[in-house]
Amino acid sequence: MAFTPPKETYIGRVHAVTIGVGDKTVTFGGENVLPFHTFEGIAPNRPVIAYEIQDIPPTDWPENVQKPYEGVSNDPVTWAKFCQDVLKVKAIALRLIGTHPDRENRSHEDAARTVRDVLSAIDIPLIILGSNHTEKDAPVLVAAAEAAKDRNCIIGKAQEANYKTIVAAAMANNHKLIAMSELDVNLSKQLNILITQMGFDRERLITDPMCSALGYGLEYTYSVMERIRLAALTQNDIAMQPPMLGDIGMYVWKVKETQASETDLPHWGPAEERGMAWEAVTAMVLLLAGAELLIMRHPKAVEVVEKVIEELI
Amino acid sequence: MALTGVEIFKLLPKTNCKKCGFPTCLAFAMKLAQRQASIDLCPDVSEDAKQKLGEASAPPVRPITFGAGDKAVKMGEETVLFRHDKRFVNPCAFALEIKDTLSEADISSRIEEVLNSEIERVGQRLRIDAVALINDSHDVGRFEAAAKIVAKKACDVPVIICAGNPGAAEAAVKLFVDKKPIIYGANSENAEAMANIAKTYKATLGVTASSAFGGSGGGLDELSTLTEKIKSLGIEDIVIDSGARKAKEIIEDNTLIRRAAIKKNFKPLGYPVITFAQRGDSLIEALIGAIGVAKYSSIIVLSNIEKWKNLALFTLRQNLYTDPQVPMQVEQKIYKIGEPMPDSPLLITTNFSLTYFIVSGEIENSKIPSYLAVMDCEGLSVLTAWAAGKFTAAKIAQFIKESGVENTIKHRELIIPGYVAILSGAIQDKLEGWKITVGPREANGIPAFLRSRAA
Ligand code: B12
Ligand code: SF4
């Protein structure tokens, strides 16, 4: 029997987002097909991986992922320059974790200074993240957005509880914005609608449906992402068409599998490879589900994921 | 795709004679469409109609059992492209390649690795399921010798006999009679000889498009022709390889195969897929394997099975193959950890498998024998259950009272998860005579917490 490939045509399209300025911009999204289905449509941009750095030394990161940044991670500027100049990364994600009330409770002025210092040291695109404390993130991200004015950054994350101020700040300072909701297709859609109702251009949005690590709820993120992507493409649901973020590193490097020593758990094998594999597999699988922007930590995990992306496009 | 009631009705005698036990042919057709009745109930249906119905009601991806005994693996039977539509059915099998060019010692040590690969995660025993013995030497004698080692040392492990040469395939398959192995390597040149061997030894036949390493659409066309030919030679159990090796081709071919089978009921591709994921770089191999797990492979062949890689791939398979509607859960009861005494601590948590296994594991780590009360919350984690109103003070109090734990322990203290500290007052009100203690938030704080109390 002759085989006719059952190809699909999609009516919707994920919108493309460009970040950064000058000749160092990067663009992701823009495809009108399911992830890597270039046999039935177009995917003009490859997914982008940003390296995570933070405003305070990463003493809470497991040793194996602190190591690659030894000697540079004490200071966000040196760390950022190392990523740009030595690791040759395409984008950096600066997490202002030190502003969290339970951490160093740094002020929003401190945060703005860090952002300014980092931006003056690099020319690649920057993603600026709060500490995920909904109250504190509002003033912190407003100050950060101002400090980064016109550098075309991504600001995040706006959540249901705090989106209004953050959206206004992103709009006033010409940034892109991450809208995050918690593992629910409808909540995600609703937040995007609320944000665009404020006058924020929907083509400047990025959706974070909330990440989860391999073994710790990955299947929920996977299915939520697949459903969002299908709604965008097959139903042309414009509220579901922003590219999606997988904030991988933060979730992966807190689970036991990326930390426990081989001495304690000999049947799990060496911790170093295990940690990298955990991050790389989580990333790979979320790319398959529809993520176009990833935030990751371990350079070796990023390297292998990039190699496989190369094979996929 | 299955037929609708009306389509089935058209195939029935339409006499409404009631012999099937239903008032009309249409009523019977509706039951058939819902798979709640069998066509055999109608004595008058034509053979032709029976055959059409049989074909239409066969699962879109043929169910195949690979191997025999306890370690047999079920494959196929998939019904969806996306796990949120309905769960993925039969978790893919991982196979370790063993080349016949290896020394006897190396073959044995690889078999050992397979036999020792089993680990437990969230209550399931997971392992490398199979061995793929490869006739890399192109020599029959050498292949047979290697197969003998496998048959002897891994007698209950399902085997894929990879040989394009029918002579080599036959020499090896003889060693696995009644073990339901797969003979992989049937192509347009050797199809008949391979089909004969598979038939004689009741093996599943692995069919491959000649475009291995290059093919896309052409590969699937050729593959369809081949499986039809092999089916006409009397072989029903087939696994297919489109020749896709690059990540992009694996996604493309596997997607088209699954779609053709499920949406078009295209029988020539309605078989489990075998994916060769071997790579020089083991971390990249893990990622290619991950693509196979997510994107419809039924067997994934690996070149190395390091423990870290197994753990990641087993976990991924477990994640993606769980039922999206019903989280994995454990039974509601009072679990004993270690050998607790009447004065040992009592902790409470929910019955989400992941939560239970993390918490019980950390209690074990503490080396303090304890009771762990696991409450049925429909498989939700602590915070999710709390947010959903299933892990409330009233329900916890009722569960503790009805569990009978009061007859087992002599103290009246209940340790609750730190994340639901807010419940402590209300539980105390509802459980008269009890003291509620708030434990740490994260389970990894449990060992220090329990030890400091014991000190
Ligand atoms: C996956 C997930 C879901 C899944 C369900 C998964 C499941 N089977 O439970 C889905 C998508 C269905 C879901 C739904 C909802 N969710 Co939800 N979900 C999560 C998520 C991302 C992970 C949960 C998880 O698997 N945790 C892992 C397990 C192992 O954690 P755990 O059970 O809490 O156990 C840990 C500790 O509590 C401790 N521990 C456990 N037992 C014990 C016992 C003792 C004695 C001690 C000392 C310690 C201890 O040890 C464990 C490891 O450290 C969390 C956010 C997060 N990252 O935590 C939100 C989260 C739990 N969900 C939340 C909410 C609000 C909901 C919904 C109500 C809203 C919605 N989106 O519709 C629904 C409710 C469900 C319903 N109505 O059916 C909120 C809860 C709000 C709050 N702060 O209380 C959270 C925290 C997200 C958030 N930040 O808002 N959710
Ligand atoms: S037995 Fe057959 S012919 Fe008679 S009513 Fe039933 S379906 Fe119709």
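Chain letters run A, B, ... following the sequence lines, proteins first and then strands; every chain starts at 1.
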Give, as side chain, backbone, both or neither, the part of [X] having an atom under 4.5 angstrom from any heavy atom of chain B.
| X | result |
| --- | --- |
| A/Glu40 | side chain |
| A/His267 | both |
| A/Val305 | both |
| A/Val285 | side chain |
| A/Glu310 | neither |
| A/Trp278 | side chain |

Identify the residues of residues 379-388 of chain B whose heavy atoms come closer than 4.5 Å to a heavy atom of chain A, ordered by number, or report 'none'.
none

Chain A contact via [X] - which portion, at a heavy-atom distance below 4.5 Å:
| X | answer |
| --- | --- |
| B/Asp85 | neither |
| B/Ile291 | both |
| B/Asn365 | side chain |
| B/Leu316 | both |
| B/Ile257 | neither |
| B/Leu354 | side chain |
| B/Lys309 | neither |

Among A/Glu273, A/Glu311, A/Arg274, which residue has the highest count of heavy-atom pairs closer than 4.5 Å to chain B?
A/Glu311

Determine the option with the most heavy-atom pairs under 4.5 angstrom with chain B, choosing from A/His37, A/Lys300, A/Lys307.
A/His37

Does one side chain, of [X] or [Y], offer a donor that lies under 3.5 Å from an acceptor on the other?
| X | Y | value |
| --- | --- | --- |
| A/Gln159 | A/Asn132 | yes |
| B/Glu442 | B/Tyr419 | yes |
| B/Glu285 | B/Ser303 | yes |
| B/Arg121 | B/Gln318 | yes |
| A/Thr38 | B/Lys248 | yes |
| A/Gln259 | A/Trp253 | no |

Contacts of A/Leu230 meeting side chain to side chain contact (heavy atoms under 4.5 Å, CB included) (sequence neighbours excluded), chain-then-number -> A/Leu34, A/Thr234, B/Phe82, B/His84

Results of side chain to side chain contact (heavy atoms under 4.5 Å, CB included) for B/Thr322 - residues two or more places apart only
A/Glu219, B/Arg83, B/Met328

Run the numbers on A/Tyr251 and A/Tyr216 for ring-ring contact (aromatic ring centres under 6.0 Å, His included), then give the verdict.
CA-CA 9 Å; A/Tyr251 287 91; A/Tyr216 294 84; over 10 Å; no

Please state whether the rings of A/His100 and A/His133 are parallel, tilted or perpendicular, taking 30° and 60° as the class boundaries.
perpendicular

Check the orientation of B/Phe88 and B/Tyr296. Use parallel for under 30°, tilted for 30 to 60°, and perpendicular for over 60°.
perpendicular

Residues passing the ring-ring contact (aromatic ring centres under 6.0 Å, His included) test with A/Tyr163, sequence neighbours excluded, are none

What's the shortest heavy-atom distance between B/Arg279 and B/Lys246, and which atoms?
NH2-CA, 4.0 Å

